[in-house]
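Structure first, commentary second.
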Number of protein chains: 2
Amino acid sequence: MTVEHRTSSELSATGKVVLGMLAFGKHTGYEIKQFVDKSTRHFWAASYGQIYPELRRFTVQGLVRSRSEPSGRRARTVFELTEDGERLLTSWLESTEAPLIELRHEGMLKLFFSDAGTAAKLDHVRAIRAGHERKLEALLAVEPQARQAPDSGPYLTLSLGLRFNQCIVDWCLATERRLAGEEG
Amino acid sequence: MTVEHRTSSELSATGKVVLGMLAFGKHTGYEIKQFVDKSTRHFWAASYGQIYPELRRFTVQGLVRSRSEPSGRRARTVFELTEDGERLLTSWLESTEAPLIELRHEGMLKLFFSDAGTAAKLDHVRAIRAGHERKLEALLAVEPQARQAPDSGPYLTLSLGLRFNQCIVDWCLATERRLAGEEG
DNA sequence: AGGTGCATGTAACAGGTTACATGATTAA
DNA sequence: TTAATCATGTAACCTGTTACATGCACCT
């Protein structure tokens, strides 16, 4: 029986965020999910259906330690990283492979195919803008103080998120003006 | 036996791009995949493993017509939209539900958790920039004339893609300068 | 007494990737 | 002749979402 060397490339998407959140100080599946939903959600989502099984797998693999810490009579399982878990997390954070970028953007797809439909390009662009305006609102709602964007890890990504959503909104506005001008 | 009214919300991700590509003038599974890879790939990818089964499902559902059109002795199945297929495509293009936006961005996730590792934030930001510079190159390589960005559907999305990747690169550069200044 | 939030989980399903297999054609 | 490209497809696997089920605790 060989103990295989675990590398960060074996981590699933949910695994990565779970490991990170444990180091971040979130200790139960519930806490992890809640915090993901108000932090990384916009660029890295996760669901209970993945988080809980992943925590169990990590326990079996010795990457986390779990103990039961009920609050009152309510069951509650608390997790923390083992040294192996910490090692795996750092090795992932330090790996230099090209980081994954995956996008699914329905508005852009519709715009791409707009000639096959009857809706004007202008409408597709407006719909794209609305989507990103919603994103901006959501980002600002969670952390209103983000406007100052200090350089701690969490705030840096927030500032990046604000910037690039704003960039798309600006592009839409400019394009809308141009398209409206051509029609009017 | 009731013929159910098909709505665009029943379309899978791959279904949407397949339908659109058929209207766009791509008629075989192979052509669709090739063209996706040099057009929508950056915001909507698809694989053979989904495209071929989807084409068969569409045939069964009467959304496309298929006929065998071998080129020489090499097998080749050509597909085209039926009226039902066209209707479904337009109804999707005209649907006003908030269009899906999904992002998986590993660089941002690493930056978010950077305090748990030993790598400097500066390195994470540089890695993010490298990723988006690659995207820019890929976009320009396929359509060098995109710099002029006319307003046809395909070029509009290309222009948007260029803009927002450029925006992230700029943010990275500014942030790198700031982080380097704090360290030096 | 009832609603909201805390907390844990599973089953069914959907969606998608990867690797593999096959074979013809064409250009070097 | 060999590599690349055209062309089609499947099986195994992985990943992930949704909906459901359960029950405690706290506040009003």
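Below, chains carry the letters A, B, ... as their sequence lines are ordered, and counting in each starts from 1.
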* Figure out the CG/C1' separation between A:D37 and D:dT18, and round it to whole Å. => 14 Å
* **A:D115/A:K121 salt bridge by N-O under 4.0 Å criterion** => yes
* **Atom pair distance, as rounded to whole Å: NE2 in B:H27 and P in D:dT8** => 13 Å
* Round to a whole Å and report the spacing from CZ of B:R104 to P of D:dC14. => 17 Å
* For A:R76 and D:dG23, what is the distance between atoms CZ and C1' respectively, to the nearest whole Å? -> 16 Å
* To do: Determine the contact category for B:A45: base if any of its heavy atoms lies under 4.0 Å from a base atom, sugar-phosphate if only primed atoms, P, OP1 or OP2 are that close, otherwise nothing.
  => nothing
* To do: May I ask you to decide whether B:R134 forms a salt bridge with B:E137, counting only side-chain N to carboxylate O separations under 4.0 Å?
  => no
* Are B:F79 and B:F58 close enough that their ring centres sit under 6.0 Å apart? -> no
* Scan A:G49 against the nucleic acid and name what it touches under 4.0 Å (heavy atoms): base, sugar-phosphate only, or nothing. => base
* Between D:dG16 and A:Q50, is there an OP1 or OP2 to side-chain N/O distance shorter than 4.0 Å? -> yes
* Please report the closest heavy-atom contact between B:T14 and B:Q50, naming both atoms and the distance. => OG1-CB, 3.5 Å
* Considering all heavy atoms, the nearest A:T90-B:G117 contact -> CG2-CA, 3.7 Å
* Earlier contact from the 5' end, DNA chain D, for B:Y30 and A:G15 -> B:Y30
* **Gap between atoms CD and C1', on B:E102 and D:dT15 respectively (whole Å)** => 12 Å
* **Distance-minimising heavy-atom pair for A:S114 and A:H124** => CB-CD2, 3.6 Å
* Go through DNA chain C in 5' to 3' direction and return only the first and the last nucleotide with some atom under 4.0 Å of chain A's heavy atoms. => C:dG5 to C:dG16
* To do: Write down the distance between CD (B:E69) and P (D:dT8), rounded to a whole number of angstrom.
  => 11 Å
* Structure fact -> Rounded to whole Å, OH of A:Y48 lies from C1' of D:dT22 at a distance of 14 Å
* Could you give the angle between the helix axes at the two ends of the helix from C:dA1-D:dT28 to C:dA28-D:dT1, with five pairs per end, rounded to 10 degrees? -> 30°
* Within a strict 4.5 Å, meaning less than it, do heavy atoms of the A:M21 and A:V36 side chains meet? -> yes
* Asked: What pair of heavy atoms forms the shortest contact from B:F113 to A:V17, and how long is it?
  -> CZ-O, 3.8 Å
* For the residue pair B:I128 and B:H105, what are the closest heavy atoms and their distance? -> CG2-CE1, 4.0 Å
* To do: Could you state the atom-to-atom distance from OH of B:Y52 to C1' of D:dT8 in whole Å?
  => 5 Å
* To do: Look at the side-chain N and O atoms of B:T28 and state whether any lies under 4.0 Å from the OP1 or OP2 oxygen of D:dA7.
  => no
